[in-house]
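Some notes on the structure that comes next.
Keep in mind the model is a prediction, meaning the values are calculated, not measured. Throughout, a chain's letter reflects where its sequence line sits, starting with A, and its residues are numbered from 1. Values below: all heavy atoms of this structure, side chains included; hydrogens, waters and symmetry mates excluded.
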There are 2 protein chains.
Amino acid sequence: MAERRTATIKDVAAAAGVGIATVSRVFSGTGSVGAATRERVLAAARELDYRPSALGRGLKTRRSGGIGLIVPDVTDPFCAELVAGVLACARTLGEHVIVDAAHGDPAREAEILDRLVEQRVDGVIALPAGRAADWRAAARVCSSVVFADRVLPGLEEVPSVLADDAGGVRSLVEYLVGLGHRRIGFLGAAAAGAAPGVRERAFRDTLGQLRVPVDEDLVVAARPARDAAYAAAAGLLQRRADVTAVLAAGHLLGEAAVLVARELDLRVPADVSIAMVDDVAWAELCDPPLTAVARPARDIGYRACELLLRDRARRGRGGPVVLPTELVVRGSCGALRAARPRPGVR
Amino acid sequence: MAERRTATIKDVAAAAGVGIATVSRVFSGTGSVGAATRERVLAAARELDYRPSALGRGLKTRRSGGIGLIVPDVTDPFCAELVAGVLACARTLGEHVIVDAAHGDPAREAEILDRLVEQRVDGVIALPAGRAADWRAAARVCSSVVFADRVLPGLEEVPSVLADDAGGVRSLVEYLVGLGHRRIGFLGAAAAGAAPGVRERAFRDTLGQLRVPVDEDLVVAARPARDAAYAAAAGLLQRRADVTAVLAAGHLLGEAAVLVARELDLRVPADVSIAMVDDVAWAELCDPPLTAVARPARDIGYRACELLLRDRARRGRGGPVVLPTELVVRGSCGALRAARPRPGVR
DNA sequence: CCCTCCCCTGGAAACGATTCCATGCGCTTT
DNA sequence: AAAGCGCATGGAATCGTTTCCAGGGGAGGG
């Protein structure tokens, strides 16, 4: 009754009156086993509640059958969707997924990576935050790495799956300019001195192509955190009552823009148009619903996992896999009307 | 240069000129090692990029150093928050977390559980969906299980961490009744024939205590999925133009209620008040912001993990751990005014 | 000065699986 | 009928650790 330990392959072999090699063959599917014998083994296993141990197998095969996934934050809707994509793909390929959140901290990311290497995962998918050196070291020791959603400067040789952020921002800018907007605020630039991100560059480039001058005062930096986002949005909208549209480079920034606009009693889109990158669930629940660029988070995760586990051969060739974005027009952006004085801002 | 394989403890031992037992002692921290020897071992390990293999260690110690986490859906904000809590706690205890999503499918859940047992996880945390039998079997073979957010009927012996859903719903009902509402719709009842959930029971009980009759026609069932939620909300609001408030038993149902109300041109809260269980991010972004009951998702995850890994002794005693909820009043519920005919519904 | 005790240390046996290799048997082929 | 082939099977080595056990050597006390 009281089984002292979980049954091992040896117990099953003894119970079925066969050698352990035969039991192994039955469970791993390799080699050939007589039908009667197989049945006897399975019966014994069922009787003993036997489950092959992944540790024993992994030791021998030198693969753990799992992959690691490092995201900045699992509660972020974009990340969550990406995780779901990875899980979906991993499931079809029979691998499990060790997930952890680095919260944008390079040290933490390195720690997690270390742990994953120790676990001998078959590969790692990451939205990297940290130091290129850590990743270079890991790539040397560990199996294989795929970056998702973003890359690390200096590590272009690591295969990656990205959204076409530049294209998304471009379509957004074209849309806003098409509506007549000229003074467009950009929330989410890089800190002064840091290299501008893909989205900021796309914003500047597209405005340039459309012959709209870039007002540096309207391009405001913000870390991807709620407080920083709110501060940035509040700063922009209070400082410059003349902006007619705000382009938020992420959903946190979009959220901040919406809240600040409400705080300042600005009507959307009558007083200010708002649009953002990342079509998260609440965009549709907003009033008015928010125009956004949808990035295929789930597909990114799925493709990254495929790239990691299935397309090992094709990997790394031809640069990053880029998936298209889609402009979802809702009601938060309006055509520019004759300038109307805003209610008492400042 | 080209290392053919990742270094093993044997390689390090050879390089450092010591026995493998000594290397093991250095890395596992057990036993005593001379300072000079330790330094030599560490140097050799660094040189060879050695990382102890969790597979070898796990085989010997019969613990993998990881736990499993089964949620219905990682993209659900509540689940995501709970996952974050588990990750935070697991991190402090030095365990990794294998996450998977069962999507409410018992078969899938059983599969995942099987896989986790195979991986020899040190324990499993689950928001269970499935058959009690599977869990009973797993609990026998595998280490230990903790349920989070919900329990399975017939498995009360499994330790669990829950939110005080009943209390949350009660406070919501009291709030709505206090505002004067009498015809309150409840979205998210159990299907006809199924046992009513905690929230539905709390809804009925509280109304009873407040001497408000329960109109069965206003208690509508819905599976926790977007389409079902929308159908339920649309059905309720179209069928009964006389409901003055809607209590949604989950954020998906709340979302549906908001969208349907907008669709029907009902003003919130003038024509209908809306409140829901689960204070997700968009509740504040809504216009008007939604009154909701906040459930401590992150704490639930954290406590569940603690219970699983740290409080093994205390586990199972004294029934489920119940964490308090909090009523967050925003602008979506108003005092009942004189009945006013609604614009052309039906 | 010798005996003890303790601290380091190395050898070797697990842990639970996979897999190579050898063996025995029944069947076809010449 | 003998040889040969292939399938089914068991034994044993191996994967990378931990850990028990025993041995060697230095220090301190009698």
How long is the line joining [atom1] of [X] and [atom2] of [N], in whole Å?
| X | N | atom1 | atom2 | result |
| --- | --- | --- | --- | --- |
| L59(A) | dT18(D) | CG | P | 12 Å |
| K10(A) | dA12(D) | NZ | P | 13 Å |
| R57(A) | dG16(D) | CZ | P | 17 Å |
| R62(B) | dT19(D) | CZ | C1' | 13 Å |
| R63(B) | dT17(D) | CZ | C1' | 15 Å |
| K60(B) | dA17(C) | NZ | P | 15 Å |
| E39(B) | dT9(C) | CD | P | 13 Å |
| I20(B) | dC20(D) | CD1 | P | 15 Å |

Assign [X] to base, sugar-phosphate, or nothing according to its heavy-atom contacts below 4.0 angstrom with the strands shown.
| X | result |
| --- | --- |
| S24(B) | base |
| G19(A) | sugar-phosphate |
| V18(B) | sugar-phosphate |
| S53(A) | sugar-phosphate |
| G29(A) | nothing |
| I9(B) | base |

Return no unless some side-chain N or O of [X] is found under 4.0 Å from OP1 or OP2 of [N].
| X | N | result |
| --- | --- | --- |
| T22(A) | dG10(D) | yes |
| T37(A) | dT9(D) | yes |
| S32(B) | dC8(C) | yes |

Of the listed dA17(C), dT9(D), dT18(C), the closest approach to the V33(A) side chain comes from dT9(D)
Can you figure out which of dG16(D), dT9(D), dG10(D) approaches the side chain of A21(A) most closely?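 Nearest to the side chain of A21(A) among the choices is dG10(D).
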Is any NZ, NE, NH1 or NH2 atom of the basic residue among [X] and [Y] found under 4.0 Å from an Asp or Glu carboxylate oxygen of the other?
| X | Y | answer |
| --- | --- | --- |
| E81(A) | R298(A) | yes |
| R295(A) | D149(A) | yes |
| R303(B) | E306(B) | yes |

Crowding at CD, E47(B) (>12 non-hydrogen neighbours, <6.0 Å):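 For E47(B), atom CD is not crowded (no more than 12 foreign heavy atoms under 6.0 Å).
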Practice task
Look at the side chain of R25(A) and the base of dG10(D), then say whether one donor and one acceptor between them are separated by less than 3.5 Å.
Solution key: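 Donor-acceptor pair under 3.5 Å: yes.
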Original post:
Does any N or O in the side chain of D299(B) come within less than 3.5 Å of the main-chain N or O of P296(B), such that one atom is a donor and the other an acceptor?
Top reply: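 Here the side-chain-to-backbone pair does not exist.
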